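These notes concern the structure reproduced below.
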Protein chains: 2
Amino acid sequence: MEDDRIGLAHGNGGRFMRELIEEVFLRHLGHTGLDVQADAAPIALNGGEVLITTDGFTVQPLEFPGGDIGSLAVHGTVNDLAVSGAKPLYLTLNAFIEEGMEIATLDRIVRSLANAADAAGVRISAGDTKVLRRGEGGGLYLATTGVGVRLPGIVPSMQRIRTGDAILISGSVGDHGTAVMLAREQFGMRGDLHSDAASVLPLTRELMKLDGLRFMRDPTRGGIASVAHEIVRATGLGVRFNDSIPVRDPVRSVCEMLGFDPYYLACEGRVLAVIDSGQADRALAAWRALPSGRESALVGSIVDTPQRVVLETALGGERFIEELEDDPLPRIC
Amino acid sequence: MEDDRIGLAHGNGGRFMRELIEEVFLRHLGHTGLDVQADAAPIALNGGEVLITTDGFTVQPLEFPGGDIGSLAVHGTVNDLAVSGAKPLYLTLNAFIEEGMEIATLDRIVRSLANAADAAGVRISAGDTKVLRRGEGGGLYLATTGVGVRLPGIVPSMQRIRTGDAILISGSVGDHGTAVMLAREQFGMRGDLHSDAASVLPLTRELMKLDGLRFMRDPTRGGIASVAHEIVRATGLGVRFNDSIPVRDPVRSVCEMLGFDPYYLACEGRVLAVIDSGQADRALAAWRALPSGRESALVGSIVDTPQRVVLETALGGERFIEELEDDPLPRIC
C-alpha cells in the first residue's frame with residue numbers, strides 16, 4: 001500500500017482506518033465536537049439531549065442470505081443507537097444509485113428497508129437520491145443517520161469499565177462476514193450460512209435495566225477483536241477472552257478453509273457487553289429469554305495485565321489477538 | 001433509456017427523478033412519514049420540534065473554482081435547513097472514499113468542510129468512512145445530514161403561496177452548474193466563472209423577519225425552472241418569470257455556446273423566495289444590504305393561469321419553460 005493514497009485497509013475497522021480517521025477527520029473536525037470513539041454522539045436540542053449517529057453501507061452483493069443492503073442500513077444505524085443506551089426514533093436515508101441498476105432490485109431493497117424500519121419502530125424522516133454514472137457506483141451505496149433519545153438507566157461508556165468486569169456476547173460471531181463473503185465469491189459452498197443482521201434493541205433494553213452495565217457495542221467492521229482493542233486503548237486495561245466464544249460450525253469450517261479468524265469478522269446483530277461480574281448471570285438469563293439471545297455466553301473478563309487482547313485456547317494455552325492491519329473482507333457492510 | 005433500469009436522468013431533479021422517488025421510495029416509505037417535497041422534515045424530540053434533512057454529494061471534479069465537495073456538502077445541507085426557516089446546529093458526515101485517492105486531496109477537502117462548518121456555525125457531531133474498491137467509487141462521495149431548530153416567525157411552505165405573490169431571487173443563476181461543468185470538461189474556457197456555493201443563512205434570516213414570507217428554496221439540481229415546476233404542481237397556480245432573472249455574462253456565453261438553459265442549472269448559494277407582493281421591496285432592501293444579496297431581484301409573480309411556467313422575454317414575447325427530462329449535467333452536486 002502506498003503511504004500517500006487510500007488503500008482498502010483504510011476501511012476495515014483496524015489500525016489504518018483508525019489512523020486515517022484521527023489524522024484527517026479528527027484533526028480538522030475535532031474542535032467542532034466530533035467524537036470518533038462513540039457509536040452515537042449526544043447533541044443538545046430543545047433543552048434536552050438527543051443521540052445521533054451515521055453510517056455508510058457498501059455491502060456486495062446487495063442481497064445476501066439473511067438480508068440485503070436496505071435492511072442492513074436500518075439495523076446498522078439502529079444498533080449504534082441501541083448500544084449507546086438509546087431508543088432509536090428517526091432515520092434519514094441517502095441512496096447513491098449506479099446508472100444501469102435494475103429498478104426491480106432497487107424496489108426490493110427499499111421495501112426491505114421499510115420493513116426493517118417498521119420492525120425496529122423507526123420512521124424514515126428525510127431522504128435523498130443521487131445517480132452515479134455507470135462504472136462509478138458499485139451498484140448501490142446507502143448512508144443512514146439515526147436520531148434517538150436515551151433510555152432510563154446508566155449511560156454506557158468505555159470509561160465505566162473496571163478490572164474484573166465480565167464480557168458477554170449475545171450470540172455467535174462471524175455469521176454476517178462469512179455469509180456475505182460466500183454470497184459474493186461463490187465458492188460453491190453454501191450450507192447453513194446466513195447473516196445475523198437484526199436490530200439489537202431488544203437485547204440492549206434488557207441490559208439497560210442493570211445498574212452494573214458498563215459498556216455495549218455491536219461488533220461490526222473488525223469484529224469482536226477490534227472492539228477488544230478499542231477497550232484496551234481506551235482503558236489501559238487488558239481483555240482476556242476464554243474459550244467459550246460461540247462460533248457456528250459452518251462459520252468455523254469456512255474460516256479454517258480460507259484462513260480467516262472469525263473474531264475479526266463482522267457481526268450485524270450481536271452485542272458485546274461489559275458488565276459488573278456480579279450481574280453477569282442476571283444479564284445472561286435476561287438475554288437467553290429472548291430469541292436473539294439464546295446462544296449468549298460469558299466470553300471473557302477485564303484484567304489489569306497484560307494490556308493486550310488475549311485468547312485462552314481450548315487446550316489450556318493462550319494467544320494474543322493483534323489489531324487488524326490487512327483487509328480481510330472489503331465491502332462487508 | 002431502458003424503462004427497467006436506472007438512467008442518469010433519474011438523478012437530475014426533473015420528471016424521471018420525481019417519478020422514481022414517488023414510485024419506489026415514497027411507495028414503500030411514505031407510511032413512515034417521509035415527506036419528499038420538503039427540504040427539511042419536522043421531527044418531535046424532547047417535547048419540541050426539530051428539523052432534519054439529508055443530502056448526498058457526488059460532484060466531479062472534487063475541487064472546482066469557488067469550492068469543493070467538502071464545502072458543498074456543508075452548504076447544501078445547511079441551506080436546506082435555512083430555507084425551511086431553521087437555524088442549522090449539527091451535521092453528520094459520511095465519506096465513501098475510493099481506493100487510490102490521494103490522502104493529500106482528502107485532507108484538503110476535509111479541512112475545507114471544517115472551515116465551511118465553522119463559518120455556518122454548525123458542529124460535525126458524528127461521522128463514518130467507507131473505502132470503495134478502485135473503480136467502484138468515482139473518487140469521493142459524501143452524505144451529510146443536518147439538524148436544526150426553527151427560527152421565530154412563520155413556517156415557510158408552498159401551501160402559503162397565493163396568486164399575486166412576488167418571486168425574488170437572491171443573486172445570479174447558473175454559476176455553480178456552469179463552473180463545475182467547465183472545470184470538469186476542460187473546454188479551454190475559464191474566464192471569470194466560479195461556483196456561488198455558500199451558506200444562505202444570512203439571506204433566509206432576513207426574510208424570516210417578514211410576516212408576508214410564503215416560501216423559500218435553494219434552487220440546486222434542476223435550477224429555478226425545477227423549483228417553479230414544483231410550485232405549479234403543489235399549488236395549481238402558475239409561475240410567470242419576467243426578463244430580470246440575473247445571469248452573469250460568462251454564464252450566458254457558455255450556455256449559448258453549449259446549448260444549455262441557465263434556468264435549469266444548479267445554484268448552491270442562492271435563495272428563490274415567494275413573498276406577499278406588498279413586502280417585496282422590504283425584502284429586496286434587506287437582501288441588498290448583504291454581500292450575498294447585492295444582485296437580488298424581483299424575477300416574477302404567481303398567477304392564476306396558465307398553470308405553467310412562463311418566461312417573458314426581453315423582446316416582449318413569452319415562452320414556456322418545460323419540466324426537465326433529459327440530464328444536462330451529471331455529478332453537478
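Side chains included, hydrogens not; waters and symmetry mates left out as well; all remaining heavy atoms used. Letters go in sequence order (proteins before strands), and every chain restarts at 1. Predicted model only: the values in this text are computed from it and were never measured.
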Please look at [X] and chain B and tell me whether the side chain, the backbone, both or neither of the residue comes under 4.5 angstrom of a heavy atom of that chain.
X       : value
Y90(A)  : side chain
A40(A)  : neither
D39(A)  : neither
V149(A) : side chain
L93(A)  : both

To check you understand the geometry: which heavy-atom pair defines the closest contact between [X] and [Y], and what is its length?
X       : Y       : value
F96(B)  : L142(A) : CZ-O, 3.3 Å
D107(A) : E23(B)  : OD1-O, 4.2 Å
K130(A) : T58(B)  : CB-CG2, 3.9 Å
R221(A) : D128(B) : NH2-OD1, 3.1 Å
S125(A) : I43(B)  : OG-CG2, 3.4 Å
M17(B)  : T129(A) : CG-OG1, 4.4 Å

When only pairs under 4.5 Å are counted, which of [options] shares the most heavy-atom pairs with chain B?
options                          : result
D55(A), I52(A), L89(A), T105(A)  : D55(A)
V147(A), T92(A), V50(A)          : T92(A)
G56(A), G138(A), A114(A)         : G56(A)
A44(A), A104(A), G139(A), A95(A) : A44(A)
I21(A), V110(A), L113(A)         : V110(A)

Heavy-atom side-chain proximity of [X] to [Y] below 4.5 angstrom:
X       : Y      : result
I97(B)  : L20(A) : yes
L106(A) : H10(B) : no
R133(B) : L8(A)  : yes

Whether the side chain of N46(A) engages the backbone of L45(B) through a donor-acceptor N/O pair (distance < 3.5 Å, no angle test) should be reported. yes
When the 4.5 angstrom heavy-atom criterion is applied to D118(B) and chain A, the contacting part is side chain
Structural part of T53(B) lying under 4.5 Å from a heavy atom of chain A: backbone
If the plane angle is over 60° it's perpendicular, under 30° parallel, otherwise tilted; pick one for Y141(A) and Y141(B). tilted
Chain A shares the most heavy-atom pairs under 4.5 Å, among A126(B), G48(B), G100(B), A143(B), with G100(B)
Does a side chain donor of either N115(A) or H28(B) reach within less than 3.5 Å of an acceptor in the other side chain? no
Per the side-chain hydrogen bond (donor to acceptor under 3.5 Å, both in side chains) rule, which among N94(A), T144(A), T145(A) passes with T54(B)? N94(A)
